[in-house]
Amino acid sequence: MAYWLVKTEPSEWSIDDFAAEPGRAVPWDGVRNYQARNFLLRMSRGDSVLVYHSSCRRIGVAGIARVVREAYPDPSQFDGASPYFDEKSTREAPRWVAVDLQFERRLSALIPLARIRECPGLEEMPLVKKGNRLSVMPVTAGQWERILSLEENS
DNA sequence: GCCAACGTTGGC
DNA sequence: GCCAACGTTGGC
């Protein structure tokens with residue numbers, strides 16, 4: 001059992017969208033960064049995922065999802081009508097993968113990025129490092145515990 | 001809207 | 001293989 005964090009712009013897909021269809025396996029597609037892709041490849045069914053809202057008014061961790069399908073070729077890379085189309089990708093050798101995530105729960109209150117920055121023990125998260133742009137990242141068990149303790153203290 | 005930081009591209 | 005130019009990310 002491993003822990004992860006994924007970023008999403010809530011205007012595209014938010015924790016509310018997850019909550020609206022709690023039983024659905026939601027394809028987490030459109031990841032077009034090799035480092036992030038490599039983390040998707042390492043996800044296992046049953047892993048827990050923090051859902052983080054970025055580029056919005058209330059930035060922070062909003063909820064938790066679960067991996068329900070491990071990495072498979074991201075269909076959007078073959079779709080000429082998709083913004084995620086990649087002309088250099090082939091079905092024989094796909095470049096990009098998706099996983100499926102399922103809603104687990106909302107946090108009782110969103111944990112703002114500023115609080116995560118302040119929290120001792122979370123300094124090493126790529127999320128809070130200067131210039132970070134990684135949209136899929138691993139979370140250690142200790143970091144997971146600390147983040148969820150911020151939920152209790154809110 | 002601004003801008004720093006980063007990844008990718010492409011000429012050489 | 002280097003590196004400048006460019007486009008994108010993402011907090012503020």
Side-chain angles (χ1 to χ4, degrees), chain A residues 2-20 26-43 47-67 70-101 103-140 142-151 153-154:
Chain A
Y3 300 105
W4 306 94
L5 180 147
V6 297
K7 293 181 184 173
T8 180
E9 298 190 15
S11 58
E12 300 298 318
W13 185 264
S14 74
I15 197 69
D16 292 336
D17 295 313
F18 265 120
V26 176
W28 207 257
D29 59 3
V31 171
R32 293 294 180 270
N33 168 284
Y34 287 103
Q35 198 183 354
R37 179 204 65 182
N38 292 340
F39 288 132
L40 289 180
L41 286 167
R42 285 171 41 192
M43 287 186 180
D47 285 357
S48 292
V49 183
L50 296 171
V51 177
Y52 172 88
H53 286 176
S54 72
S55 297
C56 58
R57 203 171 63 80
R58 300 184 61 233
I59 297 163
V61 175
I64 299 175
R66 189 164 299 279
V67 177
E70 296 180 5
Y72 58 95
D74 177 348
S76 67
Q77 70 195 304
F78 308 122
D79 176 3
S82 167
Y84 302 121
F85 177 65
D86 183 346
E87 59 179 10
K88 292 176 184 166
S89 192
T90 64
R91 292 188 185 273
E92 296 69 35
R95 283 185 164 189
W96 308 111
V97 300
V99 298
D100 286 355
L101 302 182
F103 179 70
E104 185 83 13
R105 66 178 182 90
R106 279 194 185 85
L107 297 191
S108 52
L110 178 136
I111 300 172
L113 175 60
R115 291 210 58 204
I116 295 172
R117 285 193 192 286
E118 292 164 3
C119 177
L122 296 180
E123 304 88 350
E124 295 307 312
M125 288 191 74
L127 186 69
V128 302
K129 296 241 168 151
K130 186 170 179 182
N132 156 67
R133 291 167 55 181
L134 195 58
S135 61
V136 180
M137 67 188 75
V139 174
T140 68
Q143 290 164 349
W144 182 273
E145 201 172 319
R146 281 188 174 83
I147 287 179
L148 291 191
S149 78
L150 294 178
E151 179 189 21
N153 298 336
S154 64

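Only heavy atoms go into these numbers, but all of them, side chains included; no hydrogens, no water, no symmetry mates. Naming convention: chains lettered A, B, ... in sequence-line order (proteins, then strands); numbering from 1 in each chain.
- With sequence neighbours excluded, no residue forms a ring pair (Phe, Tyr, Trp, His ring centres under 6.0 Å) with A/Trp4.
- Partners of A/Tyr3 by ring pair (Phe, Tyr, Trp, His ring centres under 6.0 Å), not counting sequence neighbours, listed by chain and number: A/Trp144.
- Across residues 74-90 of chain A, not one residue has a non-hydrogen atom less than 4.0 Å from an atom of DNA chain C.
- Sorted by first and then second residue, the pairs that involve residues 2-19 of chain A and meet salt bridge (charged side-chain N to carboxylate O under 4.0 Å, His left out), not counting sequence neighbours, are A/Asp16-A/Arg106.
- Applying the ring pair (Phe, Tyr, Trp, His ring centres under 6.0 Å) rule to A/Phe18 yields the partners A/Trp13, A/Trp28; only residues at least two apart in sequence or on another chain are considered.
- For A/Glu124, the salt bridge (charged side-chain N to carboxylate O under 4.0 Å, His left out) partners are A/Lys129, not counting sequence neighbours.
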In residues 91-98 of chain A, what donor-acceptor pairs under 3.5 Å come from side-chain atoms, sequence neighbours left out?
from	atom 1	to	atom 2	distance (Å)
A/Arg95	NH1	A/Asp86	OD2	3.2
A/Trp96	NE1	A/Asp86	OD2	2.8

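- Listed by chain and residue number, nothing satisfies the side chain to side chain donor-acceptor pair (under 3.5 Å) test with A/Asp29 (two or more places apart in sequence, or in another chain).
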- For each nucleotide in nucleotides 5-12 of chain C, reading 5' to 3', give B when a protein heavy atom comes within less than 4.0 Å of its base, S when such contact involves only the sugar-phosphate, and - otherwise. --BBSBSS
